[in-house]
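A short worksheet on the structure shown next.
Quick caveat: nothing in here was measured; it's all calculated off a predicted structure.
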Amino acid sequence: MRSTESNVTQSITQVIAASSLGTLIEWYDFYIFGSLAVIIGQQLFPSDAGASALINTLAIFAAGFIVRPFGALVFGRLGDLIGRKYTFLLTLVLMGGSTFLIGLIPSYSSIGYAAPILVLILRLVQGLALGGEYGGAATYVAEHAPVGKRGFFTSWIQTTATLGLFLSLGVIVLTKNLLGAKAFADWGWRIPFLMSILLVGVSIYIRMKMHESPVFSKLKAEGKVSANPLKESFQKKANFKMVLVALFGATMGQGVVWYTGQFYAQSFLENTCKLDFNESRYILLWAIVFATPFFVIFGSWSDKVGRKWIMLTGMLLGVLCYRPIYQYFLDATNVKEMQKTMLQSASEPVVERGLVAGKPDSLITTTVSKTLTNGMTFKESTVEIIPEDVLAEVPAVETVIRDVTLSSSSYLMIIALVFFQIVLVTMVYGPIAAFLVELFPTQIRYTSMSLPYHIGNGVFGGLVPFIATLIASFQGSTPLSGLSYPIGVAALSFVIGAIYIDNRRDENVMD
């Protein structure tokens, strides 16, 4: 008996390792773009584009999420027709190739608006590929998992999204520190994209050795494979009802919690709070390290107490806690107010002179590095634009705060608050693969679970950084206005889920 259990454990361990590695690499490929949005925006758009460059870059980033449901339909159908293994081999090749090519696209200064257009096309291919990857990996692992441990084993797949983000941040920070800020901004940002081809090659080699899911193999041998997975998934009333429940009662809320905690948090700290590039990424890296084990904890716990209330509690806590958390971020980085009473020292001004891009007007930037008594540091730059005809117009002057580094106490507190947000992510995301797998029958599972997952995550969740940043940029908005989007979506999903979702445990639904 012990030998049999050992063989099962060894088999499922190999399945998880092979599936997770490929999925982790795909998430890495997908997220390096978001992690480098500010720098990529400077490369893809005119130098005088200002804030619109970031918003346009986030829109390109979001486009990859919007097409994920279409990838779920295309590759989900393939997965239900020809099998899980070969379908997510194909998605891996498409993702890796697109990421590598993004690293080769010339900048706006070389090819103009062809640069963002080409990157947009490659992001769309990435989104299509990722739309087929997750459903395949989650289904593949779930169909190997023994009864009573499906939540535990599928939760390992759930860690790959966060670990892919961790890997992307780690590679970016390491590359930037090795090359220096200027070289990294000029050309070094391409290295994380180009490196992915090596990781993809290793993953393809491992996946080629995998066997097809035993449940799907049995279904195929018995001639019970669905002839039209799309029709069966969405034209049968009972199954379509489950698709809607999964979307609006679970994945929609899970998606906004995921992207608020792990993407909008970083974007807010860097772009709104003006934290130093490395500082914002180290905060997220530490939070991820401490929070990642909770994916497995909540996934395993869901086998015992059910999936429903773990996921919904994560959504509710997000609704209640986001505004006070982000208000603390603003208060802890408000150096304009702090320097009135806490200024300790200031460096000699550094003056840079030049011309406004594409104009004859003069540009004078005066930068002073300042230190506060609590240990915080920042740079205060006064940017003065002097028109060519100095008599015709008044010079435009703007003061900009940047490169803020935190005091020790604020640094630890912000890590703790980002950690808390990622724990909420683990609550909503850890059990959801098992939850989705158990909703649908084997012959249409890949298709049926992929669509609500990728609409919830790709559309509702993936749009969080773009929509929240856009809302906050409207005239009359406050920096916290953008939170109304994830809070509203999570609250609606909580209500729908509380009414319509069954509290499923690890049921034997694999036949």
Side-chain angles (χ1 to χ4, degrees), residues 30-64 99 101-123 126 168-169 171-195 263-264 266-281 350 352-359 361 363-365 367 378-379 381-383 385 396 398-404 465-466 468-470 472-473:
F30 203 69
Y31 286 140
I32 47 179
F33 191 97
S35 300
L36 291 171
V38 175
I39 291 175
I40 292 174
Q42 294 167 355
Q43 295 288 328
L44 295 183
F45 296 98
S47 57
D48 60 349
S52 66
L54 175 61
I55 292 175
N56 289 335
T57 305
L58 289 175
I60 293 175
F61 180 60
T99 303
L101 290 174
I102 287 177
L104 298 177
I105 298 291
S107 64
Y108 175 87
S109 61
S110 299
I111 60 172
Y113 280 105
I117 292 171
L118 289 173
V119 171
L120 174 61
I121 292 170
L122 292 173
R123 280 292 297 171
Q126 282 187 323
S168 71
L169 291 170
V171 170
I172 288 167
V173 170
L174 180 62
T175 305
K176 181 175 182 289
N177 289 344
L178 288 174
L179 296 179
K182 187 176 187 307
F184 183 78
D186 288 343
W187 58 269
W189 63 272
R190 299 178 183 275
I191 293 176
F193 287 94
L194 300 177
M195 279 181 56
F263 262 104
Y264 189 59
Q266 179 199 308
S267 176
F268 190 88
L269 288 170
E270 183 178 0
N271 298 311
T272 303
C273 300
K274 305 302 180 183
L275 281 196
D276 173 72
F277 181 94
N278 283 353
E279 189 99 336
S280 64
R281 283 155 180 80
V350 176
E352 297 177 280
R353 301 177 184 273
L355 296 175
V356 177
K359 298 180 181 179
D361 301 339
L363 181 69
I364 303 174
T365 304
T367 302
F378 62 97
K379 292 180 180 177
S381 297
T382 302
V383 181
I385 299 175
E398 181 184 10
T399 300
V400 178
I401 300 292
R402 59 185 175 89
D403 297 343
V404 176
F466 171 67
T469 302
L470 186 64
S473 70

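Taking the ring pair (Phe, Tyr, Trp, His ring centres under 6.0 Å) definition, one finds that Phe268 meets it with Tyr264, Tyr326, sequence neighbours left out. Every residue two or more places apart in sequence or in another chain that forms a side chain to side chain contact (heavy atoms under 4.5 Å, CB included) with Ala115 is listed here: Leu44, Ile105, Ile111. Residues satisfying the side chain to side chain contact (heavy atoms under 4.5 Å, CB included) test with Leu101, not counting sequence neighbours, are Leu104, Leu122. Shown here are the side chain to side chain donor-acceptor pair (under 3.5 Å) partners of Arg190, two or more places apart in sequence or in another chain: there are none. For Glu279, the salt bridge (Lys or Arg N to Asp or Glu O under 4.0 Å) criterion is met by no residue, not counting sequence neighbours. Listed by chain and residue number, Asn271 satisfy the side chain to side chain donor-acceptor pair (under 3.5 Å) test with Ser267 (two or more places apart in sequence, or in another chain). Qualifying side chain to side chain donor-acceptor pair (under 3.5 Å) partners for Arg402, counting only residues two or more places apart in sequence or in other chains: Ser381. Applying the side chain to side chain donor-acceptor pair (under 3.5 Å) test to Ser107 and every residue at least two apart in sequence or in another chain returns Ser109.
Considering only heavy atoms from C-beta on, Pro116 comes within 4.5 Å of Ile60 through its side chain. No side-chain heavy atom of Val171 sits under 4.5 Å from any side-chain heavy atom of Ile32.
Atom CD1 of Ile191 sits about 11.5 Å away from atom CD1 of Ile172, to the nearest 0.5 Å. One finds the CG atom of Leu363 at 10.5 Å from the CZ atom of Arg353 (value rounded to the nearest 0.5 Å). Considering CD1 of Ile39 and CZ of Phe277, their distance stands at 4.5 Å, rounded to 0.5 Å. Here the CZ-CG distance, from Arg281 to Leu169, works out to 6.5 Å after rounding to the nearest 0.5 Å. Within the model, atoms CD1 of Ile364 and CD of Glu352 stand 11.5 Å from one another, a figure rounded to the nearest 0.5 Å.
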Sequence neighbours excluded and cut-off under 3.5 Å, please list the side-chain donor-acceptor pairs for residues 176-185, or say none.
from, atom 1, to, atom 2, distance (Å)
Asn177, OD1, Asn278, ND2, 2.9
Asn177, ND2, Val173, O, 3.4
Asn177, ND2, Tyr282, OH, 3.2
Lys182, NZ, Asp186, OD2, 3.1

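Of all heavy-atom pairs spanning Phe193 and Ile40, the tightest one is CZ-CD1, 3.8 Å.
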**Asked** Can Trp189 and Gln43 be said to form a side chain to side chain contact (heavy atoms under 4.5 Å, CB included), step by step?
**Response** CA-CA 10 Å; Trp189 63 272; Gln43 295 288 328; 3.5 Å; yes
